[in-house]
Number of protein chains: 2
Amino acid sequence: MVSTPVPDPKMLDCPALVTIQLVSGKWKTRVLWHLRQGGAGFGDLRRAMPGISAKVLTEHLDALVADGLLARTESLEGKVLHTRYRFSDYGFTLIPVLDALGSWGLNHAERAAGHRFP
Amino acid sequence: MVSTPVPDPKMLDCPALVTIQLVSGKWKTRVLWHLRQGGAGFGDLRRAMPGISAKVLTEHLDALVADGLLARTESLEGKVLHTRYRFSDYGFTLIPVLDALGSWGLNHAERAAGHRFP
DNA sequence: CAGAATCCTTATGGATACTG
DNA sequence: CAGTATCCATAAGGATTCTG
């Protein structure tokens, strides 16, 4: 997944697509969802998302940072490099939208499964 | 794009993804956005989205119907077949979510372009 | 630890021609 | 009009190995 720094003006006839491009993809949504609960390191994110490869995680994190949604800080602890990703101030404005997606999706999953999830 | 009739239970650790899967894709979002303004026929949608092929439009409409978001009705007017797509009652519940995506996206596009869009 | 580099598989979307 | 049927192009994602 690559970033969309400046959305194509043609996309303005469907502004919802602008947002979709930024947050969609198999892993991007999960990264954002996870970071809603607070910042996390690269390894935290990998462990939180079994199956993702370092390459793909890097690509998505880079895109999210390039789009201004995430902030990244490096720190050298001893000899080990630690990176931390969290929502930027601007990225925070997206959280209500993610919440809306989440609560609709939860309801939909319950409905589709016949309310088998308590 | 194919439909996701029953979301994978594993996806419940990121319910936002459930919604994303249903509405994302280059054309699915546009179809939904267009239909917010009312029902439309197959040809209306094609004309409204220059560049889409009949095959792709069909696939996406089928998926949206299979997912319960859209309703479809056929009518025979004379010898010509008319099909009409519109939001189902259930699909209507998604509109506030689409609106949230749209208004955030509009704001983002303006911001990214330096507020060049009045 | 946090990636970069490389190569590979598959999903998504597209072009064209044809049909009920 | 509203699609189907084929075949094709590209991009998203994945596996593996290596490095600062």
Side-chain angles (χ1 to χ4, degrees), chain A residues 1-4 8 10-11 14 17 20-32 34-35 39-67 70-86, chain B residues 1-4 8 10-11 14 17 20-32 34-35 39-67 70-86:
Chain A
M1 175 67 60
V2 83
S3 76
T4 322
D8 184 345
K10 285 202 158 197
M11 211 180 278
C14 179
L17 190 53
I20 289 289
Q21 306 268 57
L22 293 183
V23 307
S24 75
K26 178 170 177 183
W27 298 108
K28 243 169 165 181
T29 312
R30 293 190 211 249
V31 168
L32 291 170
H34 186 87
L35 290 177
F42 189 87
D44 298 329
L45 290 168
R46 273 198 88 167
R47 261 167 271 117
M49 295 180 267
I52 197 171
S53 70
K55 185 200 117 185
V56 171
L57 181 54
T58 301
E59 286 173 353
H60 287 202
L61 288 170
D62 286 352
L64 290 165
V65 170
D67 287 332
L70 298 186
R72 161 203 184 143
T73 47
E74 299 187 346
S75 63
L76 213 50
E77 298 175 16
K79 322 192 94 177
V80 234
L81 176 64
H82 277 265
T83 324
R84 193 154 191 84
Y85 294 92
R86 62 181 110 49
Chain B
M1 175 68 62
V2 82
S3 76
T4 322
D8 183 346
K10 286 202 159 194
M11 209 180 280
C14 179
L17 189 53
I20 288 289
Q21 305 268 57
L22 294 183
V23 307
S24 75
K26 178 170 175 183
W27 296 109
K28 242 169 165 182
T29 312
R30 293 191 210 249
V31 168
L32 291 169
H34 185 87
L35 291 178
F42 188 88
D44 299 327
L45 290 169
R46 274 199 87 167
R47 261 167 270 120
M49 295 181 266
I52 197 172
S53 70
K55 184 199 117 184
V56 171
L57 181 53
T58 301
E59 286 172 353
H60 289 202
L61 288 171
D62 287 353
L64 290 165
V65 170
D67 287 331
L70 299 186
R72 161 201 185 146
T73 45
E74 300 187 344
S75 62
L76 214 49
E77 298 174 15
K79 321 192 93 177
V80 229
L81 176 65
H82 277 266
T83 324
R84 194 154 190 84
Y85 294 91
R86 63 183 115 49

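Naming convention: chains lettered A, B, ... in sequence-line order (proteins, then strands); numbering from 1 in each chain.
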- Rounded to the nearest angstrom, tell me the gap between atom CG in Leu22(A) and atom P in dA12(D). 13 Å
- State which of dG13(C), dC1(C), dC1(D) makes the closest approach to the side chain of His82(A). dC1(C)
- Message: From the set dA4(C), dG13(C), dC1(C), return the single nucleotide nearest to any side-chain atom of His60(B).
- Response: dG13(C)
- Task: Would you mind reading off the distance between Asp62(B) atom CG and dA5(D) atom P, rounded to a whole angstrom?
- Result: 11 Å
- Sequence neighbours excluded, the answer for side-chain contact (heavy atoms from CB on, under 4.5 Å) partners of Ala48(A) is His34(A)
- Query: So which nucleotide from dG13(D), dG3(C), dG13(C) ends up closest to the side chain of Trp27(B)?
  - Reply: dG13(C)
- Side chain proximity check, Val56(A) to Trp27(A), heavy atoms < 4.5 angstrom: yes
- Message: Test: salt bridge (charged side-chain N to carboxylate O under 4.0 Å, His left out). Region: residues 43-55 of chain A. Which pairs qualify, not counting sequence neighbours?
- Response: Asp44(A)-Arg47(A), Lys55(A)-Glu59(A)
- Kindly calculate the angle separating the two end axes of the helix from dC1(C)-dG20(D) to dG20(C)-dC1(D), each obtained from five base pairs, and round it to 10 degrees. 60°
- Query: What residues form a salt bridge (Lys or Arg N to Asp or Glu O under 4.0 Å) with Glu74(B), not counting sequence neighbours?
  - Reply: Arg72(B)
- Note on the structure: Leu70(A) CG to dA2(C) C1', in whole Å, measures 16 Å
- Task: Could you check which of dG13(D), dG3(C), dA2(D) has an atom nearest any side-chain atom of Thr83(A)?
- Result: dG3(C)
- Message: How many whole angstroms separate atom NZ of Lys28(A) from atom C1' of dG14(D)?
- Response: 18 Å
- Which residues satisfy the salt bridge (Lys or Arg N to Asp or Glu O under 4.0 Å) test with Asp8(A), sequence neighbours excluded? none
- Message: Within the structure provided, determine whether Ile20(B) and Ile20(A) are in side-chain contact (heavy-atom separation under 4.5 Å).
- Response: yes
- Message: Within residues 71-78 of chain A, which residues have any heavy atom lying less than 4.0 Å from an atom of DNA chain C?
- Response: Arg72(A)
- Note on the structure: Against the side chain of Phe42(A), the closest entry in dG13(C), dG3(C), dG3(D) is dG3(C)
- Do the non-hydrogen side-chain atoms of Val23(A) and Lys28(A) ever get within less than 4.5 Å of each other? no
Would you tabulate the pairs of protein nitrogen or oxygen atoms and nucleotide nitrogen or oxygen atoms of nucleotides 15-20 of chain C closer than 3.5 angstrom?
none

- Task: Starting at atom CD of Glu59(A), determine the distance to atom P of dG13(D), rounded to an integer number of angstrom.
- Result: 8 Å
- Message: Would you say that Arg30(A) contacts Leu45(A) through its side chain, given a criterion of any heavy-atom pair below 4.5 Å between the two side chains?
- Response: no
- Side-chain touch Leu70(B)/Leu32(B), heavy atoms, less than 4.5 angstrom: yes
- Arg86(A): what forms a side-chain hydrogen bond (donor to acceptor under 3.5 Å, both in side chains) with it, not counting sequence neighbours? Thr73(A)
- Is there side-chain contact between Phe42(A) and Leu61(A), with heavy atoms separated by less than 4.5 Å? yes
- Could you give the CZ-to-P distance, from Arg47(A) to dA2(C), as a whole number of Å? 8 Å
